[in-house]
Structures are given as C-alpha cells and as structure tokens.
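We use all heavy atoms of the structure for the numbers below, so side chains are in, but hydrogens, waters and symmetry mates are not.
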Amino acid sequence: MSLAILYSRALSGMDAPLVSVEVHLSNGLPSFTIVGLPETEVRESKDRVRAALQNARFKFPIQRIIVNLAPADLPKESGRFDLPIALGILAASGQIPSSQLNQYEWVGELSLNGQLRPIRGALAMTHGASLTGRSFVLPQQNASEAALVKGIVVYPVSSLLQICAHLLGQQPLQPCDGEPAVANENEMRYPDMGDVKGQAQAKRALEIAAAGGHSLLMIGPPGTGKSMLAKRMPGILPSMTEQEALESAAIQSLGGGRFDLANWKRRPFRAPHHTASAVALVGGGSIPRPGEISLAMHGILFLDELPEFERRVLEVLREPLESGHITISRAAQRADFPAKFQLIAAMNPCPCGYLGHYAGKCRCTPDQIARYRGKLSGPLLDRIDIQIEVPALPQQDMLRPQRSEASHVIRSRVELARQHQLARQNKPNAELAVQEIETYCALTKEGSNLLEQAMTRLNISARAFHRILKLARTISDLSGNDAILGAHVAEAIQYRRMDRN
C-alpha cells in the first residue's frame, strides 16, 4: 500500500485539534515534501526521520514521498509529528502493517538514533485524544503527566523500534498502569505565615484576599516584609480541586515542557522581574504560547516593585483581571488562554522608599512622589480590590520574640469561607458579576448609609463601589454572618487606600 494515514495532535492555545498525517509514496525522482502549513521545526523533521529510520535498520524508500498534515490551514509546529511521519513512511512502504494505525494517536520527536524525545503540551493532547476513544502513544518522559487524564489508555514508548515491534506483534506495548505517583497534599511545604513578625493588618488583608480570590497591592518602605508576605500567600489559599489542578497542569505543560508531578495540586507562584515585556506577561509569539498570567492559573502572580514595570506592560493586565482569560490574535491564528490568577503586587510609597518611615528618612518632594505614583494608571488601580499600607516595624517589635498564627490555622478559616461562597453562588466572591452582586451582596441600612457617605467623600468609581461590596461580602463570610453589616463595609472601605489619596 503506497498510502498510510495516521492521527496526531497540534496545539492551538489550550486546544489540541486533530491532525491527519497522510503519507503517500509514488514513482518519480526521489524527494521528500511536507505540506500542510508546517513551521521550520516540522520541515526539519525530514532529516530527523530519514536518519532515525536508517539507524534503526529500516529501508528508507528511494521514491517520491509526500506528507500532508491536514487540515491544511492549521499551522503545525514542533517536532511532535516526527513519529507519525516515520510510521507513515514505514506503513506506506510495506515494512510494518497499517491495519492498527488508526486505533492510536501518535506524538513524539525523534532523535537521530530512533529514540523518542519529550514534547510539550502532552496534557492538552491527551485530553483531546480521550474524546475520540483512541489510545495515545507518546514519549516515556511525558507518560506521567498524560496519565493524569482519566478515561484514556496511554502507551509510553522510548524508541521507534519498540513501536514497530508492537505493530508487528512481537512485543506488545504496556499501557500506563494505575494512578501516577503524585505528591500528597499534606506533604506540600509552603513558607509559613507564622514566620512574619507583626503586620497584623497585612495578614488580615491577605486572609481576606485568599478567602474571596481578591487582588491585593501592598505599599510600604523596603524591608517591611511585603515580599515575605506574598510568598506565604499560596500556603493559605484553599486546596485545589481536581479540575483546577488539571487546568493548571495543562497550562504549565504548554508553557514550559513537561509538568512536574511534584507540583500536582500545588498553587503556582509566578514572580516575573520588572524588566519583563508585555508578551512575557500575557503570552504571544508567532505560534502563541501562554504568558505569566496564564502560567499562574489558579495561583499567584506576584509583581514586586510595581511602578518599575513599564506602564504599557502593566496596562495589558487590565482586561485579564476583569475577564479571567486572554485572547492573543496573530495574522495566522488566534489563541485563547485562561488567566484566572490572583494578582499580588508590592511597591514603595515614594522613589526613595521611606515615605512614612518612623525614622523620617524620606526627602522626596511632593512632585517626585506624584510622578512616582503616576506610573500606575487609575484604571489599573481601580481593578485591584485591596490596597493597604505595610508600615515599618519599630526596632523593639523586631527584637521582641513573637510567633504569629501559622498558615494552616488561617487556611482553615479561608477554606470555610470559600465553602460558604461556593455553596451560595458556585464561585468566589471576586468573580461575581454585577447582577450577582445585587443578589448576594445586599447591605443592611447601616452598611448602605456608610457606603453612600464614602462614595460622596472619596469620589469612588462604580467599579470601586462593586469591589467594596465584594470585599464586604468576603469579610462577612469570614465572620460567619449571612448579612453584610456596617462593620464589614467599614473594613472593606479601609482597604481602598489609593481611593483616599
């Protein structure tokens, strides 16, 4: 048979569309052509496949070889098509049987000696294959993450010869057996909140942010513990569900190659440097890949020294903070990535950093302070739910031995509040839409009067008004109340520091 058809997977954002690999051999001058919008990595597979077949002691056909990757309008990238192309050539030339090829989907990059190298996006592709009922064959190094997908038979392989022996009936492949060995949730070690001295208000703000999924900005002099607090935020977040863990693992598999099973159900913590570009944050490239906001899926995106980021870089965060996803459009294709992250940011109060320090070291002029804070736009600050001061601790407090609440104690309260939210509205408070706010965030008369006064005196925007309501709802949930009291509204207003400047 001079024609062989196999199935593989491409990557388009979070999707893994099916690709038919059609290999045709015909008479004529020897040539090897790949069509179907292949990128450079796919075009280079001709040399890898040729060398792999020859080094595996197969006969490379001296014929006209045409490989079609369908659909033709879908860009194809990376070396994952090496394996189906090589098997297609062997089947079309009669060196292996073709009767079983359509029962599997194949991905894998070939080395020159016929061994298989790992590929990225294994989770997304395995999930796509699970919907078709076909088994999935992929490199051994990707087997552990692929096995996280339920309802599919996964065959890990290490070489081209191993697959050929299976197809020839000589040595059947062994599927992944049982659940992959993932880290136990109790064995996960996060930095402990008990290590932080003082800063009771900041810890309270982090607890509220964790309970409701709110974004947070900390403003304070250097060395007051802003970064230390941010790094302890994942340890007080609620446990990840199976669905959240799978989504987070899939996006990490797309972005950086293989997913480490040690991070299963571990909240991501991404902290890009302030020199990061807009593309690094939101994703992009000729073949769009996820950026930091997507890699922080269901976890924390920490931006330290917030005003040091370029303003145009920070502005790209505005839409994802509202919508929870990012759409990257290019001339050839469009990709959608999820971006459900919690933004935790930190900044100094002035250029020298010591405005408000008890030692009185700041010498910045009002104009310098205004220019420094003007690096952050009003629309961006409006989207940050909690804005608090983290003051410098007096020396006597630093020298006094003290122990704060441990992370697991705070986390127990956070999980209880989050359970209330999921039972009531099936989502965290931070994700409530406008109509849902009216339904679930009704105020008492006292709270309504207090908020009305705050809007008049502080000139609060409509967006900030809704965010105060969601904050008050979270504070009420933490206190175990169904009603939002005046005290809850008052505390929520106190967390809008930049509105009071």
Side-chain angles (χ1 to χ4, degrees), residues 201-202 204-220 293 301 303 306-307 309 311 314-324 339-347 349 369-370 372-390 421 425 427-478 484-501:
Q201 185 191 28
R204 169 68 173 170
L206 258 69
E207 181 178 343
I208 295 169
H214 303 287
S215 52
L216 181 145
L217 170 62
M218 294 179 284
I219 307 167
I293 64 173
L301 176 68
L303 301 183
L306 190 65
F309 285 82
R311 181 161 179 157
L314 293 179
E315 293 306 298
V316 302
L317 295 175
R318 285 159 56 174
E319 291 83 0
L321 277 172
E322 289 282 339
S323 63
K340 290 185 178 180
F341 64 96
Q342 258 184 280
L343 174 65
I344 306 295
M347 62 177 284
I369 296 172
Y372 180 75
R373 298 189 178 186
K375 294 180 180 180
L376 305 179
S377 70
L380 176 63
L381 288 173
D382 223 19
R383 287 170 166 84
I384 300 178
D385 299 341
I386 303 176
Q387 304 154 10
I388 59 165
E389 288 184 352
V390 184
Q421 297 165 36
Q425 69 233 7
K427 63 175 67 174
N429 290 331
E431 298 178 14
L432 289 174
V434 175
Q435 292 182 344
E436 294 171 326
I437 292 174
E438 295 177 357
T439 303
Y440 301 116
C441 300
L443 300 178
T444 61
K445 185 176 181 180
E446 179 190 5
S448 181
N449 292 337
L450 185 60
L451 186 53
E452 184 178 351
Q453 294 175 22
M455 291 181 66
T456 303
R457 294 181 182 179
L458 303 178
N459 195 24
I460 292 175
S461 69
R463 179 183 288 114
F465 167 75
H466 287 138
R467 292 184 181 274
I468 289 174
L469 285 177
K470 291 190 281 189
L471 272 179
R473 177 72 270 176
T474 300
I475 295 169
S476 175
D477 291 335
L478 279 170
I484 301 177
L485 307 179
H488 304 148
V489 176
E491 184 177 0
I493 294 172
Q494 292 300 311
Y495 293 131
R496 300 289 304 182
R497 181 188 184 282
M498 301 301 280
D499 293 331
R500 308 197 301 272
N501 285 347

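- Scanning all heavy atoms of the two residues, the minimum distance from M347 to P307 falls at CB-CD, 3.5 Å.
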task = Please lay out, stage by stage, how T439 and Q425 fare under the test side chain to side chain contact (heavy atoms under 4.5 Å, CB included).
result = CA-CA 10 Å; T439 303; Q425 69 233 7; over 6 Å; no
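- Here the closest non-hydrogen pair linking A202 and I388 is CA-CD1, 3.6 Å.
- Counting only distance, with no hydrogens or angles, the side chain of H466 and the backbone of R463 share no donor-acceptor pair below 3.5 Å.
- H214 contributes atom NE2, which lies 10.5 Å from atom CZ of R473 (distance to the nearest 0.5 angstrom).
- D382 and R496 are joined by a salt bridge, as a carboxylate oxygen and a charged side-chain nitrogen come within less than 4.0 angstrom of each other.
- K470 places a side-chain N or O within 3.5 Å of a backbone atom of A430 that can act as its donor or acceptor partner.
- By the 4.5 Å heavy-atom criterion applied to side chains, Y495 and R467 are not counted as neighbours.
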request  = May I have the step-by-step check of side chain to side chain contact (heavy atoms under 4.5 Å, CB included) for L458 and I493, ending in yes or no?
outcome  = CA-CA 10 Å; L458 303 178; I493 294 172; 4.1 Å; yes
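- Side-chain atoms of L317 and F309, non-hydrogen and from C-beta on, never get closer than 4.5 Å to each other.
- Residue Q435 qualifies as open at atom CD: its count of foreign heavy atoms under 6.0 Å is 12 or below.
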Enumerate, atom names and distances included, each donor-acceptor pair closer than 3.5 Å involving a side-chain atom of residues 444-456, sequence neighbours excluded.
residue: T444; atom: OG1; partner: G447; partner atom: N; Å: 3.3
residue: T444; atom: OG1; partner: I484; partner atom: O; Å: 3.4
residue: N449; atom: ND2; partner: K445; partner atom: O; Å: 3.3
residue: T456; atom: OG1; partner: E452; partner atom: O; Å: 3.1

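- Between the CZ atom of R311 and the CG atom of L314 there is a distance of 9.0 Å, given to the nearest 0.5 Å.
- Note that CG of L216 and CD1 of I344 are 4.5 Å apart. Values are rounded to the nearest 0.5 Å.
- Distance check: K340 NZ to L321 CG gives 14.0 Å after rounding to the nearest 0.5 Å.
- Scanning both residues, G212 and P428, for their nearest heavy atoms gives O-CB, 3.6 Å.
- In this structure, CD1 on I219 lies 6.0 Å from CZ on R373, to the nearest 0.5 angstrom.
- Only one option out of L306, D385, I386 pairs with L217 in a side-chain contact (heavy atoms from CB on, under 4.5 Å); it is L306.
- Taken from CG in L206 to CD in Q201, the straight-line distance is 11.5 Å, to the nearest 0.5 Å.
- In terms of heavy atoms, A492 sits closest to I468 at CB-O, 3.7 Å.
- Here the closest non-hydrogen pair linking N429 and Q421 is N-OE1, 3.0 Å.
- The backbone N or O of I475 sits nowhere less than 3.5 Å from a side-chain atom of E491 that would complete a donor-acceptor pair.
- In this structure, S215 and R383 have side chains that are not in contact, with every pair of non-hydrogen atoms separated by 4.5 Å or more.
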